[in-house]
Amino acid sequence: MDTIQIKDKLFTISIGREEIQKEVKRVADEINRDLEGQNPLFLSVLNGSFMFTADLMKYITIPCEVSFVKLASYQGVSSTGTIKEVIGINEDLTNRTVVIVEDIVDTGLTMQRLLETLGTRNPKEIRIATLLLKPDKLKVELDIKYIAMKIPNDFIVGYGLDYDGFGRNYPDIYTVVP
Ligand code: IMP
Ligand code: MG
């Protein structure tokens, strides 16, 4: 399947499954090397990172834990409009090495919010692992330790990422056809 239709948009394949797996494995190898002996806690951000997390974890060989969080958006009364609340942190993060596992960092605002929230729980260190980064859209300064792939600004779906809830199931990544 080289092109797919989701609702009103057409998408064409841009990153194939072999390349994705190769880069996910590379990131896992880096984490295995860097965090040996640290018993990291991987915190996967649902929904988008479910597929990345599943594949990444299969390549992690050091002792570790995996858990899942979700960001609930609601319209707040603040000037910034949407406020995102982190839900589902059940683990004690005190003195833990935490690895946030994200599907994509776009403006970086979501990640910034996550770091703020997790930072109040006294972790030893927080590292970011993202499948994708759109470097040209980044609005805030972030130290992203692990990046599987950098992509242009175009909207993408597949491998966990969605367009209006659809398209998460594809094993490849597709870019919108303008
Ligand atoms: P940020 O807060 O701007 O960094 O946005 C991050 C979130 O926006 C991601 O977790 C995705 O849910 C969503 N997002 C950003 N770009 C894309 C895209 O190209 N396709 C699908 N979702 C995206
Ligand atoms: Mg996400």
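We number each residue from 1, following the sequence as shown. As a basis for the values below, the full set of heavy atoms in this structure was taken, side chains included, without hydrogen atoms, waters or symmetry mates. Counting starts at 1 for both ligands and their atoms, in listed order.
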(message) For G108, state whether at least one heavy atom is located under 4.0 Å from any atom of ligand 1.
(response)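 In this structure, G108 qualifies as a contact of ligand 1 - some heavy atom is under 4.0 Å.
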(message) Within the structure provided, determine whether L138 and T107 are in side-chain contact (heavy-atom separation under 4.5 Å).
(response)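 No, side chains not in contact.
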(request) Examine the side chains of S67 and E91 and answer whether a donor and an acceptor come within less than 3.5 Å of each other. (result)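 Yes, E91 and S67 have a side-chain donor paired with an acceptor closer than 3.5 Å.
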(message) Within the 3.5 Å criterion, strictly below it, is a donor on Q21 or D55 matched to an acceptor on the partner's side chain?
(response)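 Per modelled atom types, Q21 and D55 side chains form a pair under 3.5 Å.
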(request) Say whether K134, considering both its backbone and side-chain N or O atoms, lies within less than 3.5 Å of an N or O atom on ligand 1. (result)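 Yes, K134 has an N/O under 3.5 Å of an N/O on ligand 1.
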(message) Between ligand 1 and V105, is the shortest N or O to N or O distance under 3.5 Å?
(response)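 No; every N/O pair is 3.5 Å or more apart.
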(request) Specify side chain, backbone, both or neither for K137, according to which of its non-hydrogen atoms lie closer than 4.0 Å to ligand 1. (result)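 K137 to ligand 1: no contact under 4.0 Å from either part.
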(message) Regarding atom 5 (O) of ligand 1: of the candidates L133, T110, V157, which has the closest heavy atom?
(response)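 Minimum heavy-atom distance to atom 5 (O) of ligand 1 goes to T110.
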(message) Which option wins on minimum heavy-atom distance to atom 1 (P) of ligand 1: L161, T175, I156, T107?
(response)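 Answer by nearest heavy atom: T107.
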(message) Does atom NZ (K25) have a neighbourhood of more than 12 heavy atoms from anything else shown, all under 6.0 Å?
(response)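 Atom NZ in K25 is not crowded, with 12 or fewer foreign heavy atoms closer than 6.0 Å.
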(message) I need the atoms of ligand 1 closer than 4.0 Å to a non-hydrogen atom of E102, numbered in the order shown.
(response)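 Listed by number with element: 10 (O).
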(request) For D162, take its heavy atoms, then give the atoms of ligand 1 lying under 4.0 Å from any of them. (result)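 In order of numbering, the contacting atoms are 21 (C).
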(message) Who clusters with I6? Use side-chain heavy atoms, under 4.5 angstrom, across I, L, V, M, F, W and Y, and order the result by chain and number.
(response)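 Besides I6, the hydrophobic cluster comprises M1, I4, F11, I13, F155, V157, Y163, F166, Y170, Y174, V176, listed by chain and residue number.
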(message) Does this structure show an ion pair linking D29 with R33, if we count only N-O contacts that are shorter than 4.0 Å?
(response)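 So D29 does not pair with R33 through a salt bridge.
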